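Please read all numbers here as calculations on a predicted model, not as lab measurements.
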Amino acid sequence: MVQSEQKADNENRSNNATSKPQHQNKGSQQIAEGFPSGASVKSALDVQNHETLKAAITKLRNQLTVRHNEPTISAQDARLQVARGWLGLSPAAKQIFDLWDYFNSNHQNAGFTPLLLSTLANLLILINSHHADHSHGFSIVKALLGGNYIRRLAAYLGGTQTDLILITLKLFNAMAIFAGGKESKAVLEAFPWGMKALPKLLQMRRKSKEETNEISPFAKPDIRTAYITFVLSFVSSSSTPSVKATVLDQRDAFTSIFKDLYRDPYLLVERVLEVCWQGIWCDSKIRRSVKVGLFSEWTLGHIVKLYDRGEPEGPLHYIPAELAHQFLLSLCTHPGTGLCYRDRGWYPRPVEDDEEVEAKSGRIYNKILGNFVKTLRISEDSRQHDLALRILESSPELVQDYWTGSGLTLEPRLSSRWITNIAFAGEVVSLPIPLYCFLLAAGSDQYNPIPPSRSAILTAIIPSTLTKIHLTKGLQSSSRLVRHFTALFISKSLRKCFEVLQAMSRINQQLEGDDTSGAWTKRGEEILSDLARRLPDLQVIFALSQNPAGSLKGKDVETAQSTSSEPNSGSTPQGTLLQESSLRLLWLYHVCFPDIVSESRLDVGKVVGNTVEEHGPGKMVLLSQLHVIRILSENESFNWAGKLGSSQHSAFHHIIRLLITSTSESIRSASSHLITKLLSQSVIFEHDASEVELWLVAFPLLDDRTSSLKEGTSAVEGFIDFLDDCLQRCLKTPYRYLEESLNVYDQLESDTGAEATYPTRNPHDAPSPLLFTVIEQFRIRYWKGSLNPTDSLDIASFLRKLVLQLAGKQPDIRYVRKLADIIATIPSTDTLSPVEPFHEAVKREAQILLESLSFTDSPTKTMPSLDVAMDVDINKNEKQGE
């Protein structure tokens, strides 16, 4: 085979009119000259000498050749002029057919038959370029398909001469595409599809690799390429539906081209996949069941082998793997298109559904995709990883069976395969909930009163092959990496569970209203109960968050709380990363299993205390602090007024500190929400929970101006300590300060300047007793000189902003003016302030407060500036002069 192909190639090279022949002879010299007219062709083919005749046929074949990707042939092209003249003298190329009959009957082939067939193929390709010449071509095609000629061609295909097989396929291709495929149906019916030698053609490749990556495989095709091109010509976008239906009925003949497709040149692979998509899948006249029957698991399995060719090939850097990936994504990941049927999500397929769907024996719609996705090597190829994930997203019904049939190794171990598998499992768990399946029908806004089965929902949250033992083992592993990936996976499962429960709650609300005993609510409770049995115990999570740097097993888990006073070993990058994932997991346990958390009686303050004290701009530190705030927001049992873990400060101190000093909007928002929740439920704000928001607005934030006074977050540490101490004092004796807030009403009644009678005292209108604690402690410490000068200014500024906020709450502005008078007495001239500039600044804050409130009496009065800029520079010597 190789020798014959090389012989034909060498002959082509020697007869090429554009290259210098290696052996000069009479025949090659005539080839270079070409025939000037049709009459000269006719006379040359009438000679009796075989050598001269062979040279003339070779000359004519080369002259009629149309190169691959040659530009549009002009109607005045010299080749066309010669062909027209000759066909006028020899209609339907009768001379060629006579010579073919002669050499066939006398068994004196001597290489003439390949030349004659090649001449006919080149002639059909040439006259196909213009419609005016098609009449000559139809006569030639009709002659080839009739009588003994078609039998001869079939015999050539079953022969052993590779050059003759190749030229015969070239002639069949020329007939199939002639005149836009008008004769394709006749060619299709005449072709010997039942011949046993056809599968052998797909194995006949050109073994030489010199042209594989340099030129198009269609410029000099081998037998496999020529046969595939011939088959594809019947299913191209220009083929008629009847022709496509006929060739697709020959299922084995069509699907056989995909065998060993992964070994073909890129351009041939591109042609195959492009024709399959545009000519078959985009043709709505072909029944979908026929299309699906062609692209079975066997066909997809051969296409997916192209993923092994993931590196750029050839001078244009083609990547066959990317080509196959895009084709399979289009074919398998769009519901209602290609192989992907629209399923019912987490509901099984009803047995009475449309017969158009494949897999009549199964309870799923996408049986082919279900079998195919299990064969993808998600841990070895990123493209197959992406394809499997997209298939499971577009066909949620496949997830349940995927876990048991894919063979993924999910038992924790320190290996790249396990890490890839558990990461992929987490991505599958994180796929969106198929909300469309909860509706009674497509396009309806009414929900199905019957929820999906427990197993269908649960397998979408956690793989059925992943047990509690596996997850516990992963969290207690000696490898930090294993613990981290296990914690991340459980976090994704819990987040998915939370989203599912929210969706079920909304559905139950619409179906049952406020009734919590509906089917959807019960199913949600069942899911929570089942998931709690599948996940590690809370003590294991608690132990992990206590000691992210090491592993805790057995009795160490039970004694985790006793070791919590030791510093948290999250200072290293690995420890910080693991600490973040463990705190995230602990927070999600609080969200999903509040009953289990409350029953455990674990002191979460011992876990989160060290994390809150950590400083630094690292994103992992910020995330860990955010998780801590979320944990405290969900936990109802921790003592927020007491010390937090091994810290010397209360939980309130740390939360306020995060609110004031953090640069993260997420942390500030979460801290504000937590403080509002804690204070509004306490005795000091029970009179009016909405007042907490006024306090939060008045808190100083660590901006550029504050940072210029002191380095880092220490600029507001004194203010935070002061406020925390005031809170502790107020919680111990709240009613004492409550009486002070009510006594202001009595003072207003007794004031000689009071207008008429002050409204009846109302505890709801009075400010929080915490305000009077702050005023009292500020007066005492300021007069004693025990406050840092900058802290005094921060407190004075805070009181000014808070009282102005409270002015909008009071039904009578005189109450707030009285508070302003009390505050103004603190920085009086006889106080012992050691730093005069700060003393003047505090007085100015009190004066601004009074002026702002007096503005309410005179609307035309100019509003004073609230800028607290000072006239002197403050340095460290002045701050230490107290």
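- For the pair Arg271 and Phe218, the cation sits on the ring face: its NZ or CZ lies under 6.0 Å from the ring centre, inside 45° of the axis.
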Do any side-chain atoms of residues 416-428 form donor-acceptor pairs under 3.5 angstrom with protein atoms, and if so which ones, sequence neighbours left out?
{"unit_1": "Arg417", "atom_1": "NH1", "unit_2": "Ser379", "atom_2": "OG", "d": "3.1"}
{"unit_1": "Trp418", "atom_1": "NE1", "unit_2": "Leu410", "atom_2": "O", "d": "3.0"}
{"unit_1": "Trp418", "atom_1": "NE1", "unit_2": "Glu411", "atom_2": "O", "d": "3.4"}
{"unit_1": "Thr420", "atom_1": "OG1", "unit_2": "Ser416", "atom_2": "O", "d": "2.8"}
{"unit_1": "Asn421", "atom_1": "ND2", "unit_2": "Thr409", "atom_2": "O", "d": "3.3"}
{"unit_1": "Asn421", "atom_1": "ND2", "unit_2": "Arg417", "atom_2": "O", "d": "3.3"}
{"unit_1": "Glu427", "atom_1": "OE1", "unit_2": "His385", "atom_2": "NE2", "d": "2.5"}

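- Qualifying side-chain contact (heavy atoms from CB on, under 4.5 Å) partners for Thr299, counting only residues two or more places apart in sequence or in other chains: Thr255, Phe258, Phe295, Ser296, Ile303.
- The side-chain tip of Arg349 does not point at the ring of Tyr341 from less than 6.0 angstrom away and within 45° of straight on.
- Using a 4.0 Å cut-off between a side-chain N of Lys or Arg and a carboxylate O of Asp or Glu, Arg377 and Asp308 qualify as a salt bridge.
- For His302, the ring pair (Phe, Tyr, Trp, His ring centres under 6.0 Å) partners at least two apart in sequence or on another chain are Trp298.
- In this structure Ile150 satisfies the side-chain contact (heavy atoms from CB on, under 4.5 Å) test together with Leu145, Leu153, Phe172, Ala190, sequence neighbours excluded.
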### Query
How far apart are the C-alpha atoms of Phe230 and Phe191, what are their side-chain angles, what is the distance that settles it, and do they pass the ring pair (Phe, Tyr, Trp, His ring centres under 6.0 Å) test?
CA-CA 11 Å; Phe230 174 68; Phe191 189 81; 4.7 Å; yes
Mind listing the side-chain donor-acceptor pairs of residues 387-398 below 3.5 Å, one per line with the distance, residues two or more places apart or on another chain?
{"unit_1": "Ser394", "atom_1": "OG", "unit_2": "Arg390", "atom_2": "O", "d": "3.1"}
{"unit_1": "Ser394", "atom_1": "OG", "unit_2": "Ile391", "atom_2": "O", "d": "3.0"}
{"unit_1": "Ser395", "atom_1": "OG", "unit_2": "Asn366", "atom_2": "ND2", "d": "3.4"}
{"unit_1": "Glu397", "atom_1": "OE1", "unit_2": "Tyr365", "atom_2": "N", "d": "3.2"}
{"unit_1": "Glu397", "atom_1": "OE2", "unit_2": "Tyr365", "atom_2": "N", "d": "2.9"}
{"unit_1": "Glu397", "atom_1": "OE2", "unit_2": "Asn366", "atom_2": "N", "d": "2.9"}
{"unit_1": "Glu397", "atom_1": "OE2", "unit_2": "Asn366", "atom_2": "ND2", "d": "3.1"}

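- Salt bridge present: Asp264 and Arg224 bring a charged side-chain N and a carboxylate O closer than 4.0 Å.
- Counting only residues at least two apart or on different chains, the salt bridge (Lys or Arg N to Asp or Glu O under 4.0 Å) pairs with a member in residues 227-255 are Lys244-Asp283.
- With sequence neighbours excluded, the residues that form a ring pair (Phe, Tyr, Trp, His ring centres under 6.0 Å) with Trp346 are Phe438.
- Partners of Glu311 according to the salt bridge (Lys or Arg N to Asp or Glu O under 4.0 Å) rule, which considers only residues two or more places apart in sequence or in another chain, do not exist here.
- Between Glu499 and Arg495 no salt bridge is recorded (no basic side-chain N to carboxylate O distance below 4.0 Å).
- In terms of the ring pair (Phe, Tyr, Trp, His ring centres under 6.0 Å) criterion, residue partners of His131 (sequence neighbours excluded) are, by chain and number, His134.
- Applying the side-chain contact (heavy atoms from CB on, under 4.5 Å) criterion to Ser237, with sequence neighbours excluded, gives no partner residue.
- Contacts classified as side chain to side chain donor-acceptor pair (under 3.5 Å) and involving residues 320-331 (residues at least two apart or in different chains) are given here: Tyr307-His325, Glu322-Gln326, Glu322-Arg383, His325-Asp386.
- Residue pairs that meet the side chain to side chain donor-acceptor pair (under 3.5 Å) test with at least one member in residues 169-196, sequence neighbours left out, are Asn122-Lys170.
- The shortest heavy-atom contact between Val187 and Met175 is CG2-CB, 3.8 Å.
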